[in-house]
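Below: the structure, in structure tokens.
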2 protein chains.
Amino acid sequence: MDTNAVFKALAHRERRKLLDRLFAENGQSLNKLCAGLHMTRQAVSKHLRILERANLVATLKRGRDKEHYLNPVPIHAIGERWISKYQPRHLGALHDLKNRLEGKGEKRHE
Amino acid sequence: MDTNAVFKALAHRERRKLLDRLFAENGQSLNKLCAGLHMTRQAVSKHLRILERANLVATLKRGRDKEHYLNPVPIHAIGERWISKYQPRHLGALHDLKNRLEGKGEKRHE
DNA sequence: TTTACATGCAACCAGTTGGTTGCATATAAT
DNA sequence: ATTATATGCAACCAACTGGTTGCATGTAAA
């Protein structure tokens with residue numbers, strides 16, 4: 001998985017909004033996804049291509065529409081490998097702090 | 001919290017590497033953090049400022065050194081509000097899929 | 001077969017990003 | 001006091017990003 005592509009894809013409000021919309025209703029067409037976004041269809045298309053390259057959405061051409069489907073796997077992977085690393089895993093922040101002060105090692109990722 | 005600033009700050013390999021380094025050893029000085037990165041100290045300083053503005057690192061001037069401390073809170077917040085939303089929360093992917101097919105609503109964030 | 005609609009593609013452009021170099025400043029060490 | 005070290009600041013620059021417009025193409029509807 002291209003972690004960098006995923007982070008870069010997530011680093012834009014409108015793209016996160018698009019994911020949000022697909023989460024709410026999967027399989028929407030380009031035109032449908034454009035509604036309410038303050039930019040041209042072509043701009044939205046570019047954003048969707050970025051999400052697609054990051055493997056966050058998959059597409060399916062059906063008739064003259066292009067359906068967009070959310071793929072949660074890369075987000076899950078980032079959560080697992082990246083986010084959870086920085087979080088208290090056991091009994092809250094105090095326990096975590098204690099671990100750090102004791103110098104206990106942690107697995108590193110990426 | 002400025003979610004966008006955090007995502008943008010994370011959308012760069014070297015900046016994630018810097019967080020990694022601070023996770024491994026907190027409180028490092030600018031010079032120490034430069035070691036092994038293929039760019040000038042000034043560039044690293046810029047990256048650190050971006051992390052600082054996103055509230056991902058806090059700094060403390062001590063003598064002629066500037067110490068950098070990791071702040072895991074924004075990452076935690078993103079994990080809570082953003083990442084976990086896209087993840088199976090209960091008994092694995094099948095359960096999650098079942099929920100979606102049943103059209104159960106989920107809280108939305110941002 | 002026309003006409004309308006959904007999308008694709010390419011050129012272009014302004015603003016941002018990510019890096020550099022050069023110099024200034026502040027603190028520590030000799 | 002002098003020298004060395006750690007950092008700060010500003011100007012500059014190439015490359016990338018995020019948007020536009022204009023036109024082409026493919027599919028559905030009348």
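Note that this is a predicted model, so its numbers are computed, not measured. A, B, ... follow the sequence lines: proteins, then strands. Residue 1 opens every chain.
Salt-bridge check for K32(B) with E25(B): passed, with a basic side-chain N closer than 4.0 Å to an acidic carboxylate O. A salt bridge is defined here as a Lys NZ or Arg NE, NH1 or NH2 lying under 4.0 Å from an Asp or Glu carboxylate O, and E52(A) with K66(A) meets this definition.
Between L30(A) atom CG and dT27(D) atom P there is a gap of 16 Å when expressed in whole angstrom units. Straight-line distance from the NE2 atom of H68(B) to the P atom of dG8(D): 7 Å, rounded to whole Å. Across the protein-nucleic acid pair, K66(B) atom NZ and dT7(D) atom P stand 9 Å apart, rounded to whole Å. Atom CG of L33(B) is separated from atom P of dG8(D) by 12 Å (rounded to the nearest Å). The CZ atom of R15(A) sits 5 Å away from the P atom of dG18(D) (whole-angstrom rounding). Separating the CE atom of M39(B) from the P atom of dT20(C) is a distance of 8 Å, rounded to the nearest angstrom. As a whole-Å value, the separation of Q42(A) CD from dA6(C) P is 14 Å. Look at CG on L60(A): it is 13 Å from P on dT27(D), rounded to the nearest Å.
Between T40(A) and the phosphate of dT20(D), there is a side-chain N or O to OP1/OP2 separation shorter than 4.0 Å. Between N31(B) and dT5(D) there is no side-chain N or O to OP1 or OP2 distance below 4.0 Å.
Each of G63(A) and A43(A) lies near DNA chain D, and the nucleotide nearest A43(A) is the one positioned closer to the 5' end. Residue H47(B) is the one, among R62(B) and H47(B), whose nearest nucleotide of DNA chain C lies closer to the 5' end (criterion: closest heavy atom). Judged by closest nucleotide on DNA chain D, K32(B) is the one of K32(B) and A11(A) placed further toward the 5' end. Of the two residues near DNA chain C, R41(B) and V44(B), the one whose nearest nucleotide lies more 5' is V44(B).
Counting only heavy atoms from C-beta outward, the side chains of V73(A) and L56(A) never approach each other to under 4.5 Å.
The base of dT5(D) sits within donor-acceptor range of the side chain of R64(B), with an N or O pair under 3.5 Å. Applying the 3.5 Å distance criterion, the base of dG19(D) shares no donor-acceptor pair with the side chain of E14(A). Residue side chain K46(A) reaches the base of dG19(D) through a donor-acceptor N/O pair under 3.5 Å, judged by distance alone.
Between dT17(C), dA6(C), dG19(D), one nucleotide has an atom nearer to the side chain of K8(B) than all others, and that is dT17(C).
Aromatic ring pairs are classed by plane angle as parallel below 30°, tilted from 30° to 60° and perpendicular above 60°; the pair H12(B) and H47(B) is tilted.
Under the 4.5 Å side-chain contact rule for hydrophobic residues, F23(B) and I75(B) share a cluster.
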